[in-house]
Amino acid sequence: MQLTETETSWQKIVRDFAQKKLKPGTYWLEGEEFWENARMLAEHGFLGVTLPEEYGGMNLSLLDALLIIEELCRVCPTSGRLVYHTSIGIANFINHLGTEEQKKKYLPRIISGELFVALGMSEPEAGSATTDLTTTATDAGDYYKLNGSKIFISEAHLADLFVVYVRFGNTGRASDIGAILVERNTPGFTVGVNEENMSGEIQCALYFDDALVPKENLLIERDAFKALMGVYNGVRLGYAAQTLGITQAAFDRTVQYVQERKQFGKEICEFQGVQWMIADMYMQLEAARTLLYRAAQAAANNKPDKNAVSIAKVYVAEAAKKITDDCLQLHGGYGFSKQYPLEWYYRCVRAASIAGGTLQVHKTMMAASVLGRKFDQRK
Ligand SMILES: Cc1cc2nc3c(=O)[nH]c(=O)nc-3n(C[C@H](O)[C@H](O)[C@H](O)COP(=O)(O)OP(=O)(O)OC[C@H]3O[C@@H](n4cnc5c(N)ncnc54)[C@H](O)[C@@H]3O)c2cc1C
């Protein structure tokens, strides 16, 4: 797929910015390193790039945002993730579904890097089966009273605001599900302890125990599932862009390494077996990129290509596992060592097969579409 001149210029601008201004990271940055890069991104306008200009954003397209995330992740995955969260990730729920008051209240602070937002969707008993969620929001005068819990919430340790999927009715159907904005200091709401996942990323549980949320924080009520999933598809593509950028970083290092490392008296890139691995990885990266950009374009043009997101998501996740594994392999014992970043890249991209819907769930949706049949998962 051919990128436009503007799109390729974004890639160059971001590559240059990332190399010159950001603290590089081959692990998730924390503490002062994290804030240093967050400040730098905010100062240069990279937080909330797709959000409207009237709130301080740049109103960039989904594809522009994916290109920026991918480029940043090649140098600093934490920075790419920050742009993903503030641009096409969680902040977009407010941008697309929020009231004017909510947008005015929250979007400028997200763009300036003052406010972080997390998504509370998954529950201990409702993962792939999102519509089984049981966290309830009941009417309590000027408030909604929330009860229930969430699990695996990324960035919850940093977030001041949470987009929370809740059930407003008790029919047990998906039509009861909507979403509400919960501020961190809400009475009855607690963020659980920091739990480190396989890549070292922090995730937390969320607990709602008669948590009182003002009614003006309602984001979308009932019959909202389709609208929520529409925004969530952007989140999925953002996650894929992040995964692709991290995979490209592993590949970049490997291309350099095979031309430096010598065995049997010559650079290992001179062995045909190594060359074929490089060519395979290169092909998979190009294919993954094409599918991702195609999905972004389809979404931007409102084309009803409902499989494009699943195809991109699944392909990127599978290619990322294979490529980072081969990159690690080509580094030999150094690849397996914690002294080098290959094993981190390998652990990092593994999440893409689970977060944003597991590969199996996306394949089930694609198969149903190809076969023209609906397969009831409950029978
Ligand atoms: C790194 C990471 C970050 C995350 N961040 C967030 C976040 O910020 N906010 C949030 O709300 N959630 C988040 N999640 C949770 C994520 O959305 C869930 O883990 C995911 O939806 C899968 O749910 P589960 O873990 O309960 O697995 P389950 O749904 O229990 O699945 C277990 C296994 O069964 C398979 N399976 C289930 N149903 C079917 C089916 N119908 N057909 C075939 N196979 C099936 C799955 O593919 C999987 O292999 C994150 C997860 C990860 C790994």
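Read the numbers this way: they start at 1 and go in the same order the structure lists the ligands and their atoms.
An N or O contact shorter than 3.5 Å links M121 to ligand 1 by distance. Checked by distance only, ligand 1 and I153 stay at 3.5 Å or farther apart across all their nitrogen or oxygen atoms. Inclusion of Q360 in the set of residues having an N or O under 3.5 Å from an N or O of ligand 1 is warranted.
Residue contact annotation: Y239 has a non-hydrogen atom under 4.0 Å from ligand 1. Not a single heavy atom of E155 lies less than 4.0 angstrom from ligand 1. Close to ligand 1: Q203, with a non-hydrogen atom less than 4.0 angstrom away.
Annotation for F34: atom CZ counts as buried by contact number, over 12 foreign heavy atoms lying within 6.0 Å. Heavy-atom neighbours of D142 CG from other residues, nucleotides or ligands within 6.0 Å: at or below the threshold of 12. Shown here is R15, whose CZ atom has more than 12 heavy atoms of other residues, nucleotides or ligands within 6.0 Å.
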Exercise. Decide yes or no on side-chain hydrogen bond (donor to acceptor under 3.5 Å, both in side chains) for R253 and Y345, but give the supporting numbers first.
Key: CA-CA 11 Å; R253 279 178 185 267; Y345 292 135; 3.2 Å; yes
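In this structure, the protein non-hydrogen atom closest to atom 27 (O) of ligand 1 is S128 OG, 4.3 Å. The protein heavy-atom contact nearest to atom 5 (N) of ligand 1 is S154 OG, 2.9 Å. Annotation: atom 24 (P) of ligand 1 to nearest protein heavy atom, G127 CA, 3.9 Å. Atom 13 (C) of ligand 1 has F152 O, 3.3 Å as its closest protein atom, hydrogens excluded (heavy atom only). Given atom 22 (C) of ligand 1, the protein heavy atom at minimum distance is T358 CG2, 3.8 Å. Closest to atom 39 (C) of ligand 1, if we only count protein heavy atoms, is V361 CG2, 4.2 Å. Distance from atom 19 (O) of ligand 1 to its nearest protein heavy atom, with residue and atom name: I354 CG2, 3.6 Å. Protein heavy atom nearest atom 18 (C) of ligand 1, with residue, atom name and distance: S122 OG, 3.9 Å.
Between K20 and D16 there is a salt bridge, since at least one side-chain N of the basic residue sits less than 4.0 Å from a carboxylate O of the acidic one.
Near E201, meaning under 4.0 Å from any of its heavy atoms, are these atoms of ligand 1: 1 (C). Which parts of ligand 1 touch L119 is read off a 4.0 Å heavy-atom cut-off, strictly below it: atoms 7 (C), 8 (O), 9 (N), 10 (C), 11 (O). Here is the list of ligand 1 atoms found below 4.0 Å of a heavy atom in A351: 1 (C).
By the criterion of a heavy-atom distance under 4.0 Å, the side chain of Q377, and not its backbone, is placed next to ligand 1.
Between S154 and A118, the shortest heavy-atom contact is O-CB, 3.5 Å.
Counting only residues at least two apart or on different chains, the side chain to side chain donor-acceptor pair (under 3.5 Å) pairs with a member in residues 108-119 are S112-E114.
In this structure, atom 30 (O) of ligand 1 has its sub-4.0 angstrom surroundings free of protein heavy atoms. In this structure, atom 50 (C) of ligand 1 has a protein heavy-atom contact shorter than 4.0 Å. Distance check on atom 33 (C) of ligand 1: every protein heavy atom falls at or beyond the 4.0 Å cut-off.
Aromatic ring pairs are classed by plane angle as parallel below 30°, tilted from 30° to 60° and perpendicular above 60°; the pair F93 and Y232 is tilted.
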Under 3.5 Å, side-chain donor or acceptor atoms of residues 366-375 against the rest of the protein: list the pairs with distances, not counting sequence neighbours.
unit_1: S369; atom_1: OG; unit_2: N307; atom_2: ND2; d: 2.7

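Side-chain N or O atoms of E70 include none that pairs as donor or acceptor with a backbone N or O of L244 at under 3.5 Å.
For the residue pair D252/Q248, the side-chain donor-acceptor check at 3.5 Å is satisfied.
Ring centroid separation for the pair H44 and F17 comes in under the 6.0 Å cut-off.
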